[in-house]
Amino acid sequence: MKKQFLTLLLITIVSTAFAQKEVKISTVDFIQILNNNKKEVLFYYQNNWEELRKKAVKKSYIDSYQLLETTPTKDAPFSFMLITTYKNKAQFDKREAHFQELIKAQGKLKLLNNKKPKEFRKTIFGKDVYHRE
């Protein structure tokens with residue numbers, strides 16, 4: 001009986017520890033500049049994407065974000081990586097609702113000129129990354 005109790009207690013402790021362990025999740029988008037419109041791309045991401053993420057951090061909707069620039073190559077034809085990190089699955093699962101709220105509050109899209117986003121940038125692909133510690 002004592003052995004069964006200890007086994008049950010150990011299982012409870014271990015499962016509680018694993019349940020409390022939060023796994024961060026990052027979304028990574030790989031962005032290609034179209035038609036040499038780097039100024040438009042930078043303006044767009046700094047004044048829309050990045051501004052939304054600053055607000056999302058303040059509201060605890062996301063854990064962090066990064067806008068990374070790289071040199072495109074034949075095998076990796078993207079110039080930017082957009083990384084948004086969520087502190088746990090609950091934050092990740094609410095991302096669409098949270099960003100819709102922030103987009104609505106922000107209002108009109110900010111653009112450098114009359115060019116639309118589809119004219120100057122393309123998301124090549126996106127990937128969700130789970131942080132294991």
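Atoms considered below: every heavy atom in the structure, side chains included; atoms not considered: hydrogens, waters and symmetry mates.
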Check your understanding: Taking it one step at a time, do Tyr45 and Arg121 satisfy side-chain contact (heavy atoms from CB on, under 4.5 Å)?
Key -> CA-CA 10 Å; Tyr45 285 113; Arg121 61 100 174 115; 3.0 Å; yes

Exercise for review: Applying side-chain contact (heavy atoms from CB on, under 4.5 Å), run through Trp49 and Tyr44 and close with a yes or a no.
Suggested key: CA-CA 7 Å; Trp49 184 90; Tyr44 176 80; 5.7 Å; no

Practice item. Go through the steps to decide whether Arg95 and Phe92 satisfy the test side-chain contact (heavy atoms from CB on, under 4.5 Å), and finish with yes or no. Key: CA-CA 5 Å; Arg95 69 192 182 283; Phe92 179 78; 3.2 Å; yes

Practice item. Just do the side-chain contact (heavy atoms from CB on, under 4.5 Å) check on Val23 and Lys89 with the steps written out, would you? Key: CA-CA 7 Å; Val23 175; Lys89 187 167 179 347; over 6 Å; no

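Looking at Lys87, Glu101, His98 one by one, the single match for side chain to side chain donor-acceptor pair (under 3.5 Å) with Tyr61 turns out to be Glu101.
Donor-acceptor pairing under 3.5 Å is lacking for the side chains of Glu119 and Asn35. For the residue pair Lys115 / Asn37, a side-chain donor-acceptor distance below 3.5 Å is found, with atom types taken as modelled.
Glu40 places none of its side-chain heavy atoms less than 4.5 Å from the side chain of Leu111. Counting heavy atoms from C-beta outward, Gln46 and Leu67 have side chains that approach closer than 4.5 Å. By the 4.5 Å heavy-atom criterion applied to side chains, Phe80 and Leu42 are counted as neighbours. Counting heavy atoms from C-beta on, the side chains of Ile31 and Phe78 never come closer than 4.5 Å.
Atoms CG and CD1, from Leu102 and Ile62 in turn, are 9.0 Å apart once rounded to the nearest 0.5 Å. Note that CD of Gln91 and CD of Glu22 are 8.5 Å apart. Values are rounded to the nearest 0.5 Å. Interatomic distance, CD of Gln100 versus NZ of Lys104, reported as 10.0 Å (0.5 Å rounding). In this structure, CG in Asn48 is found 11.5 Å from NZ in Lys108, a value given to the nearest 0.5 Å. Note that CG of Asp63 and NE2 of His131 are 8.5 Å apart. Values are rounded to the nearest 0.5 Å. Between Gln66 atom CD and Thr85 atom OG1 the span is 7.0 Å, to the nearest 0.5 Å.
The hydrophobic clustering, which links ILVMFWY residues whose side-chain heavy atoms are closer than 4.5 Å, places Ile103 and Tyr86 together. By the criterion of side-chain heavy atoms lying less than 4.5 angstrom apart, applied directly or through intervening Ile, Leu, Val, Met, Phe, Trp or Tyr residues, Tyr65 is not grouped with Ile83; the two fall into different hydrophobic clusters. There is a path of hydrophobic side-chain contacts, each under 4.5 Å, that joins Leu52 to Ile25. By the criterion of side-chain heavy atoms lying less than 4.5 angstrom apart, applied directly or through intervening Ile, Leu, Val, Met, Phe, Trp or Tyr residues, Phe125 is grouped together with Leu68 in one hydrophobic cluster. Hydrophobic clustering, with ILVMFWY side chains joined whenever heavy atoms are under 4.5 angstrom apart, keeps Ile33 apart from Val28.
Across Pro117 and Leu109, no two heavy atoms sit closer than the pair CG-CD2, 3.9 Å. Closest approach of Pro77 and Pro72 over heavy atoms only: C-CB, 3.9 Å.
Ion pair Glu69/Lys38 flagged as a salt bridge, since at least one NZ, NE, NH1 or NH2 atom sits closer than 4.0 Å to an Asp/Glu carboxylate oxygen. Classification of Glu51 and Lys54 as a salt-bridged pair holds, one side-chain N sitting under 4.0 Å from a carboxylate O.
Taking the ring axis of Phe99 as reference, the NZ or CZ atom of Arg53 stays within 45° of it and closer than 6.0 Å to the ring centre.
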